[in-house]
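Following: one structure in structure tokens, then a few remarks.
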Amino acid sequence: MNAPLPTAVQPPVQAADLAALPLIEKWISFASVSRDSNLPIIEWTQNWLEALGIECTRTYDDSGQKANLWATLPAENGETKIGGLVLSGHTDVVPVDGQPWVTDPFVAQIIGDRLYGRGVTDMKSYGATALMMVPELLKRKLKRPVHLAFSYDEEVGCIGVRRMIADMVKSGYQPAGCIVGEPTGMQVVVAHKGKHAYKTSVRGFEAHSSLTPQGVNAVEIACEFVANLKSMHRQLAKDGPFDPIYDVPHTTIHTGVIHGGTALNIIPRDCDVTWEIRHHHLNSPEDLFTQAKAFADSLLPAMRVVAADTNITHHLNSVLPGFATEADSDIAKLCFACAGTDSSSACSREGGKVSFGTEAALFHQAGVPTIVCGPGHIAQAHQPNEWVELAQLAWCERFMRRLADHICVN
Ligand SMILES: [Zn+2]
């Protein structure tokens, strides 16, 4: 995030002030580490919602041991598909193995003005607070439908939510906005960068190092390729395009690993380079890759004069999409209105932009304008003794209640 988050001035929050606390405690009690099944927390949550008359749908992984849960609260006029909001969060948490926990990570515990437990920040508190609101939303009646979207396997690459979103599209749901409750300190986050990771492999031609004209040195070719990536990076840093809200306001290109050669007296045959493009919405990673590949292709003719089967190949290892929602979009304006605190707004009106990836990008890709806004800070995520300030939980409840004022009939 660009600037430190302003802290709302609030009286100290007590456990008794937090209506969602029992549900947060319940969710924390499920040790839903990504490597294990998340069915117990899904089962419990589905039962809880169905007892209130809410219809739920699951989408499973291939093993059947993990599931997403999609639940729809219909609008007053019976509408379930068109318009409305998605409140989205993941049910999985990262492991606690080897971490020096002082408390039982799967028993939520208040110490001072903080709540401790695995997932209190990332990100069960938001999901549980959304659940807490369900009876109130039903009572006050909704102008448009509200969907709860609880996913599996977010922590291992936003795996689960892809199936839920595919099912959402296939079933004809067209929500008008989505709020992903990853920890942003209740700041309204409107964008994060995307990342494309590549491996480029140079196949050269081996020869004795005294006979350099008879070999094709894969390490040296790879270094030329890396040097070109670096000059592309320098140009982005110098000429942009820039999005000043990010800490690093331009798209970056970076080489992380280079591996090649076997001995000093052998002209190396192989060299692999692992590199990435981390882009904001003003750059196309595909275009930048095309530019890098064109440079690599320009090296081939000279290589093939020496040995015909030399080559430079590229493999796209992974893609994490980015997203950017306009700060004056309806969903952003709604979130600013709900997240602001009393007369002195604690929220920047242009919205924050963060460097960590979230499921927001996948909702955005599916055409749903999306915001990230949730209690706690990413610095406490994945840590031993993960905690969240009670004040953040109270802020999240306040956010949800203001949201209800906007989306409910009564
Ligand atoms: Zn998370």
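The figures that follow rest on heavy atoms only: side chains count, while hydrogens, waters and symmetry mates do not. Atoms within each ligand, like the ligands themselves, are counted from 1 in listed order.
Between M400 and T129, the shortest heavy-atom distance links the atoms CG-CG2, 3.8 Å.
Aromatic ring orientation, W387 versus Y116: tilted (interplanar angle from 30° to 60°).
Cation-pi geometry between K66 and Y152 is not met: the NZ or CZ atom fails to fall both under 6.0 Å from the ring centre and inside 45° of the normal. Figure legend: K193 and Y246 shown as a cation-pi pair, the cationic atom lying under 6.0 angstrom from the six-membered ring centre and within 45 degrees of its axis.
Side-chain contact between C56 and E50: present, with at least one pair of heavy atoms (C-beta onward) separated by less than 4.5 Å.
Interatomic distance, OG of S125 versus CG of L393, reported as 5.0 Å (0.5 Å rounding).
The Zn ion (ligand 1) has H90 NE2, D122 OD1, E182 OE1, E182 OE2 as its protein N, O or S neighbours under 2.8 Å.
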